[in-house]
Number of protein chains: 2
Amino acid sequence: MKTPKRTTIYDIAKKLNLNASSVSRALNNSGNVSEVTKKLILKTAKELNYKQNSLASNLRKGHNQTIGVIVPRVNQNFFANVIAGLEEVTYQKGYNLIICQSNESHAREVKCVNTLINQHVSCIIISVSADFEDDTHLRNIQENGIQLIQFDRVDDNLETFKVLNDNKQASEDAVTHLIAQGYQRIALLEGPQNLNIFKERKEGYLSALRKHNYPILPELMKENAWTKELSAAATKKLLNMAHPPDAIFASTSDFSALGVLEVATNMGIKVPAELGICGYSNEAFTEITSPSITTVDQYSVSMGKTIANLYFQEIKSDNKDAIPKIVSIKPKLIIRSSTLRNKDEQRI
Amino acid sequence: MKTPKRTTIYDIAKKLNLNASSVSRALNNSGNVSEVTKKLILKTAKELNYKQNSLASNLRKGHNQTIGVIVPRVNQNFFANVIAGLEEVTYQKGYNLIICQSNESHAREVKCVNTLINQHVSCIIISVSADFEDDTHLRNIQENGIQLIQFDRVDDNLETFKVLNDNKQASEDAVTHLIAQGYQRIALLEGPQNLNIFKERKEGYLSALRKHNYPILPELMKENAWTKELSAAATKKLLNMAHPPDAIFASTSDFSALGVLEVATNMGIKVPAELGICGYSNEAFTEITSPSITTVDQYSVSMGKTIANLYFQEIKSDNKDAIPKIVSIKPKLIIRSSTLRNKDEQRI
DNA sequence: TTTATTTTAGCAATCGATTGCTTTAAAAAT
DNA sequence: ATTTTTAAAGCAATCGATTGCTAAAATAAA
């Protein structure tokens, strides 16, 4: 279907016997137009149902009030919330958001980046895919004069603005909490270690153990348990060990924690009495499982807002040599029943 | 920060002593360029890290491979899933998605529409905000030659392509199921009746009651109970009635159903024995509450795909007078514990 | 070898809005 | 009444890519 001809500034100009430049100035309120003419132009524009062509405008002005966002999945709670937060701020500033999902595929992520570069977006906000390979595409963004902000899952080696969760600290807090609750053998469910976030969470786990002089037991650390299914499988193995753990920190997600909980329930293991469970992300459901699950809240919506504000306040304002800044948000441990051993029970 | 000069087709042309038109033709593979020159151009383009300027290209070509999406909230499960589905298909077709959220505000929705019109998107996909007022902005989309697809929450009076859930049927199925389980006094939690979806769900409820010769009792129908809190409040009132309902159909959402469940649990009312509860949407958590909640699955991701395919197959292919088509998807009742009365118990 | 045909490449206009510069008109100052 | 200053409006180039048309070159046919 062919687009019918839309009203342009030339149509308005012709109708009023004016020059297009005056129309443009009137519409942009950029002076050099008398009040009378301006009113007339505005009125006519409305009458003719004039809509600016942003393509033309942006082409001429050489910039685009659009920000590109690339996330692994838009319907994953954390990312959906970040996007909601981003949108909230960018909308206020009159910016648009172009959303792409990499589907956890590096190849697709590269394509998304290229599209966004072509679109001349003024900034790209990205959380890299799980099979992160290299940063050529990210460097390419910068080489094309487009601002780059990485968040959550980032490439540590590339110097850019970053907004991070303090995964290590949060993780350490979680494990410390488990220790305080008297758990002795704390297992860890890990995510892919090529992603910074999972590496950091593991570090936090190790750090907490060390600080409390707990032994570090490789048999209690399960690699690549980052889906509900993988976690359930790992949990079965853990709980069938001769000397099983008495707590499991599902550092990858609440879905993993849910997998743990289901396996434990099926095996007749009491949570939190016999097994403590801690998840990560504070998904809505963690509050309503029985028992409710202790987890880490990442303030995802406000993270989105922080990212957007970072762009508008620090980066956009042509601080030519603004030094890439790293903002770290401290997530919050949400303590719930799944790790709260009744103190009395403990004494038995 | 000023965008550094990017490579244009003129740069390539100059370097090779060619005309920009040849470069354009080579890059677009549109013939009239010898194989030798084409190869040379492609090679040089890569060397100079050429990236097309989509703004210029789209301006000239008069169309934009971009689709705009407007939803009330991007981080609401249903919408996030629809967007994921949309993105999946549009990505394959080389289209971009610009996402806006109306935040359930009509005024903001109007603004979003205008921005998208300015952006010259080729199609706008929308689910209207809760305080839907009028359709001027939607008509405006069409007047500007932009395709319009409404989904889920739609304006019935406006003739456009629509992708809907068969809310009435699903609702009727749900209530029929409750009746089959022996519930006698079935209450309804309604959403704002200016939204088609809630109106239809109510119709389904009424229709099921009528078909089974159940009395329609206004005191069992609670208006505007479309958040967890509002539902909880409504539930308290219902359960404190002299003659309380023995089932509640939270037609607005699973969050509402959750509100009902919490109130019932707190009041010591047994679910499903003394109270049946049915929600709507099949949120992830409905599976893991205790008891798990009966609900309606809307196939949200595949709905997104359906919408996108509708665009590419029916609308885009310049079927000039393609008659606005309405696609109705039949949601599926997911029966879980919260409505499954033990048949034996019933006999007591 | 000359003419006809096909390829290949260049020219220039176009998409719509913006903006520096110039001209004209109006207002202010002399 | 004349000159100076200021305000308003017009002109034309520009952003980068595309495309219909024309010109030149290369190939095929006579």
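The structure presented is a predicted model; accordingly, all values stated were derived computationally and were not measured.
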Q: Would you classify B/Asn118 as touching base, sugar-phosphate or nothing, given that sugar-phosphate means primed atoms plus P, OP1 and OP2, and contacts are heavy atoms under 4.0 Å?
A: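 No contact at all - B/Asn118 keeps every heavy atom at 4.0 Å or more from the nucleic acid.
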
Q. Which part of the nucleic acid, if any, lies within reach of A/Asp11 when heavy atoms closer than 4.0 Å are counted: base, sugar-phosphate only, or nothing?
A. nothing

Whole-Å distance separating the [atom1] atom of [X] from the [atom2] atom of [N]:
| X | N | atom1 | atom2 | result |
| --- | --- | --- | --- | --- |
| B/Arg60 | D/dT18 | CZ | P | 9 Å |
| B/Asn19 | D/dC21 | CG | P | 17 Å |
| B/Lys61 | D/dG16 | NZ | C1' | 13 Å |
| A/Ile9 | D/dA12 | CD1 | C1' | 13 Å |
| B/Leu55 | D/dT18 | CG | P | 12 Å |
| B/Leu18 | C/dT7 | CG | P | 20 Å |
| B/Tyr10 | D/dA17 | OH | C1' | 6 Å |
| B/Glu35 | D/dA26 | CD | P | 17 Å |

Q | Side-chain N or O of A/Ser34 closer than 4.0 Å to phosphate OP1/OP2 of D/dA9 | A | yes

Q.
Test of understanding: with side chain to side chain contact (heavy atoms under 4.5 Å, CB included), list the residues that count as partners of B/Arg25, not counting sequence neighbours.
A.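 Result, side chain to side chain contact (heavy atoms under 4.5 Å, CB included) vs B/Arg25: B/Ser21, B/Ser30, B/Asn32, B/Val33.
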
Q: Report the residues that fulfil side chain to side chain contact (heavy atoms under 4.5 Å, CB included) with A/Gln92, sequence neighbours left out, ordered by chain and then residue number.
A: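 Side chain to side chain contact (heavy atoms under 4.5 Å, CB included) check on A/Gln92 returns A/Glu88.
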
Taking [Y]'s backbone N and O only, do any of them form a donor-acceptor pair with [X]'s side chain (distance below 3.5 Å, no angle check)?
| X | Y | answer |
| --- | --- | --- |
| A/Ser328 | A/Asn165 | no |
| B/Glu87 | A/Gln101 | yes |
| B/Asn144 | B/Asn140 | yes |
| A/Asn309 | A/Val89 | no |
| A/Ser54 | B/Asn118 | yes |

(Q) Of the listed nucleotides (D/dT18, C/dT18, D/dG16), which one gets closest to any side-chain atom of B/Ala20? (A) D/dT18

Q: Using side-chain contact (heavy atoms from CB on, under 4.5 Å) as the criterion, point out the one residue from B/Leu310, B/Val154, B/Asp152 that pairs with B/Val163.
A: B/Leu310

Q) Relative to B/Phe132, does B/Arg153 satisfy both conditions: NZ or CZ under 6.0 angstrom from the six-membered ring centre, and within 45 degrees of the ring's axis? A) no

Q. Taking C-beta and beyond as the side chain, do B/Ser122 and B/Tyr95 meet within less than 4.5 Å on heavy atoms?
A. yes

Q: Hey, could you give me the CZ/CG distance between B/Arg6 and B/Asn53, rounded to the nearest 0.5 Å?
A: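 B/Arg6 atom CZ to B/Asn53 atom CG measures 6.0 Å (nearest 0.5 Å).
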
Side-chain donor-acceptor pairs of residues 73-84 of chain A under 3.5 Å, sequence neighbours excluded:
residue, atom, partner, partner atom, Å
A/Arg73, NH2, A/Asn103, OD1, 2.7
A/Asn75, ND2, B/Asn81, OD1, 2.8
A/Asn77, OD1, A/Asn81, ND2, 3.1
A/Asn77, ND2, A/Glu283, OE1, 3.4
A/Asn81, OD1, B/Asn75, ND2, 2.7
A/Asn81, ND2, A/Asn77, O, 3.3
A/Asn81, ND2, A/Ser300, OG, 3.2

Q) When you measure from every atom of DNA chain C, which of residues 36-54 of chain B have a heavy atom less than 4.0 Å away? A) B/Thr37

Q | Of residues 21-33 of chain B, the positions that come close to DNA chain C - non-hydrogen atoms, cut-off under 4.0 Å | A | B/Ser21, B/Ser22, B/Arg25, B/Asn32, B/Val33

Q | Bending between helix ends of the helix from C/dT1-D/dA30 to C/dT30-D/dA1 [5 pairs per end, 10° resolution] | A |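 Overall, the helix from C/dT1-D/dA30 to C/dT30-D/dA1 bends by 50° from one end axis to the other.
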
